[in-house]
Participant: 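Shown below is the structure under consideration.
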There are 2 protein chains.
Amino acid sequence: MRRRSRHREAIQDTLRSAVGPLSATDLHERLADSGIGLATVYRLLNEGLEDGDLVTVGLPGGPKRFEPADKPHHHHFECVACHKVFDVMGCPGGMDRLVPEGFTLEQHEVILSGRCDACA
Amino acid sequence: MRRRSRHREAIQDTLRSAVGPLSATDLHERLADSGIGLATVYRLLNEGLEDGDLVTVGLPGGPKRFEPADKPHHHHFECVACHKVFDVMGCPGGMDRLVPEGFTLEQHEVILSGRCDACA
DNA sequence: AACTATATGATAATGAATTATCATTATCTG
DNA sequence: CAGATAATGATAATTCATTATCATATAGTT
C-alpha cells in the first residue's frame, strides 16, 4: 500500500505548476532544497505512471519527461537555446489525412522548436 | 580528402531506398552480409551529416535516425508493435497558430504512432 | 607496382539515463 | 507508543548509444 510522503506531494505539485513536462533531473534540481535523492525521484515518477497520475513525453534527443495525465490535449515547444520545453495548447488537426492506407492511428505528437521569448 | 568505398555507397543506397529513417544499428543489421563494422557505420553516417548529404531524425525514446537530406517535407509514423518508422508525405500545416507570443518557430516535427499495415 | 593517406573492424572506453541494492528512517495502524 | 512495512538516500550496477584507439587493409596516385 502507498503511503503519503512530502516527496510524493512535491513531485506532483512541481509537475502540476510547471510550464511544460520535466525530466527526472529537472525535478531533482528543482527540489534540491528538500534533500530528495535522485533514486527517489525516479521511484516516485514510476509510481505516478503506474497509478495513472502521470504520462511520459518523449522528445527527440532528450531524456524522458513527465507531466500530469489530466492535462487537456496539447503539444510541445522546445527552445533550441535553453532547451526548456513548454506546453502549447491546441492542435493543428488533420492528422488522419497523413496516415497511409492500412495503417491505424493511435496517437500523435507535434513538436515545435525555435526560440522561447527569453532567448529570442 | 574523401575516398569512395563500397561501404560509403551502401549506406547512402540503403537510406535512399528505405521507407523511413534508419538508425546506425538498423543499417548495421541490414548490411551485415557486407561485413561492415558498427564503427564504420557511425563514421560514415557522421561524414554524411558533415557533407550535408544526411540529416538526423530524433524520435522519442529511440536512437538517432538518419535519412537523405534531399527528401521533400514530410513527417513520420512509428509502429507501436514492430517499431518501424515510415515516412508520411504531407503536413497538417497551421503550426504558426500554436506558437506562443514572443516565441520564434524554426522547425516542427509531427510524429504519428499506431499500427502499420503489417501489424494492424 | 610502389607509396601515402584514407578506410576499416574489433574492441575498449565513454557518457548519460535509469534501475538495483541495502541499511536507515518515517508513516500508518492499532 | 509499538510494530510492521513502506519510503528514502547514497551509491553501485546496468543498459544502450556513441566515440576513441590502433593495427591492418584498401583506394587513388605516380
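Heavy-atom basis, side chains included; hydrogens, waters and symmetry copies ignored. Naming: A, B, ... by sequence-line order, numbering from 1 per chain.
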Participant: Which heavy atom of A:A69 sits nearest to which heavy atom of A:G52, and what is that distance?
Facilitator: CB-O, 3.3 Å

Participant: May I ask you to list the residues of residues 4-11 of chain A, by number, that have any heavy atom positioned under 4.0 Å from an atom of DNA chain D?
Facilitator: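 Result for residues 4-11 of chain A: A:S5, A:H7, A:R8, sorted by number.
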
Participant: Using five base pairs at each end to define the local axes, how bent is the helix from C:dA1-D:dT30 to C:dG30-D:dC1, to the nearest 10°?
Facilitator: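 The angle, to the nearest 10 degrees, is 40°.
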
Participant: For residues 105-114 of chain B, pull every pair meeting side-chain hydrogen bond (donor to acceptor under 3.5 Å, both in side chains), keeping only residues two or more places apart or in separate chains.
Facilitator: B:H73-B:H108, B:H75-B:H108, B:H75-B:E109, B:H76-B:E109

Participant: Specify the residue among B:L44 and B:R3 whose closest nucleotide of DNA chain C lies further upstream toward the 5′ end.
Facilitator: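 The residue closer to the strand's 5' end, by nearest nucleotide, is B:R3.
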
Participant: Main chain of A:C79, side chain of A:R115: is a donor-acceptor contact present, judged purely on distance under 3.5 Å?
Facilitator: no

Participant: I'd like to check the side-chain contact (heavy atoms from CB on, under 4.5 Å) partners of B:R2; sequence neighbours left out, ordered by chain and number.
Facilitator: B:R8, B:E47, B:E50, B:D51

Participant: Report the hydrophobic cluster partners of A:F103, with the cluster defined as I, L, V, M, F, W, Y residues connected by side-chain heavy atoms closer than 4.5 angstrom, directly or transitively.
Facilitator: A:V19, A:F77, A:F86, A:V88, A:M95, A:L98, A:V99, A:L105, A:V110, A:L112, B:V19, B:F77, B:F86, B:V88, B:M95, B:L98, B:V99, B:F103, B:L105, B:V110, B:L112

Participant: Considering only Ile, Leu, Val, Met, Phe, Trp and Tyr, and joining two whenever side-chain heavy atoms are under 4.5 Å apart, list the other residues clustered with A:V55.
Facilitator: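 Taking Ile, Leu, Val, Met, Phe, Trp and Tyr as members, A:V55 stands alone, with no cluster partners.
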
Participant: Reading DNA chain D 5' to 3', which nucleotide is the first, and which the last, to come under 4.0 Å of any heavy atom in chain A?
Facilitator: D:dA4 to D:dT11

Participant: Determine whether A:E78 and A:K84 make a side-chain contact, defined as any pair of heavy atoms from C-beta on separated by less than 4.5 Å.
Facilitator: no

Participant: Less than 4.5 Å apart, any side-chain heavy atom of B:K71 and any of B:D87?
Facilitator: yes

Participant: For A:T14, enumerate each residue passing the side-chain contact (heavy atoms from CB on, under 4.5 Å) test, keeping only those at least two apart in sequence or located in another chain.
Facilitator: A:L22, A:L27, A:R30, A:L31

Participant: Pick out the pairs of N or O atoms, protein on one side and nucleotides 14-19 of chain C on the other, that lie under 3.5 Å.
Facilitator:
| unit_1 | atom_1 | unit_2 | atom_2 | d |
| --- | --- | --- | --- | --- |
| C:dT18 | OP1 | A:K64 | N | 3.4 |
| C:dT18 | OP2 | A:Y42 | OH | 2.8 |
| C:dT19 | OP2 | A:N46 | ND2 | 3.1 |

Participant: Hey, are the side chains of B:L44 and B:H7 touching, using non-hydrogen atoms and a 4.5 Å cut-off?
Facilitator: yes

Participant: Under the side-chain contact (heavy atoms from CB on, under 4.5 Å) rule, collect the residues that match up with A:A24, sequence neighbours excluded.
Facilitator: A:V41, A:Y42, A:L45

Participant: Main chain of B:P72, side chain of B:H74: is a donor-acceptor contact present, judged purely on distance under 3.5 Å?
Facilitator: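 Checking the backbone N and O of B:P72 against the side chain of B:H74, a donor-acceptor pair under 3.5 Å is found.
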
Participant: Identify, residue by residue, the members of residues 75-83 of chain B with a heavy atom below 4.0 Å from DNA chain D, and return them in order of residue number, or none.
Facilitator: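 Those residues: none at all.
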
Participant: Apply side-chain contact (heavy atoms from CB on, under 4.5 Å) to A:P63 and list each qualifying residue two or more places apart in sequence or on a separate chain.
Facilitator: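 Here the qualifying residues are A:S23.
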
Participant: Can you tell me how far the CZ atom of A:R43 sits from the CD1 atom of A:I11, to the nearest 0.5 Å?
Facilitator: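 One gets 11.0 Å once the value is rounded to the nearest 0.5 Å.
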
Participant: Is the backbone of B:I36 close enough, under 3.5 Å, to the side chain of B:T40 for a donor and an acceptor to pair up by distance?
Facilitator: no

Participant: Mapping B:G35 and B:M1 onto DNA chain C by nearest heavy atom, which one lands closer to the 5' end?
Facilitator: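 Per heavy-atom nearest nucleotide, the more 5' residue is B:M1.
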
Participant: Rounding to a whole Å, what distance do you find between B:L31:CG and C:dG9:P?
Facilitator: 11 Å

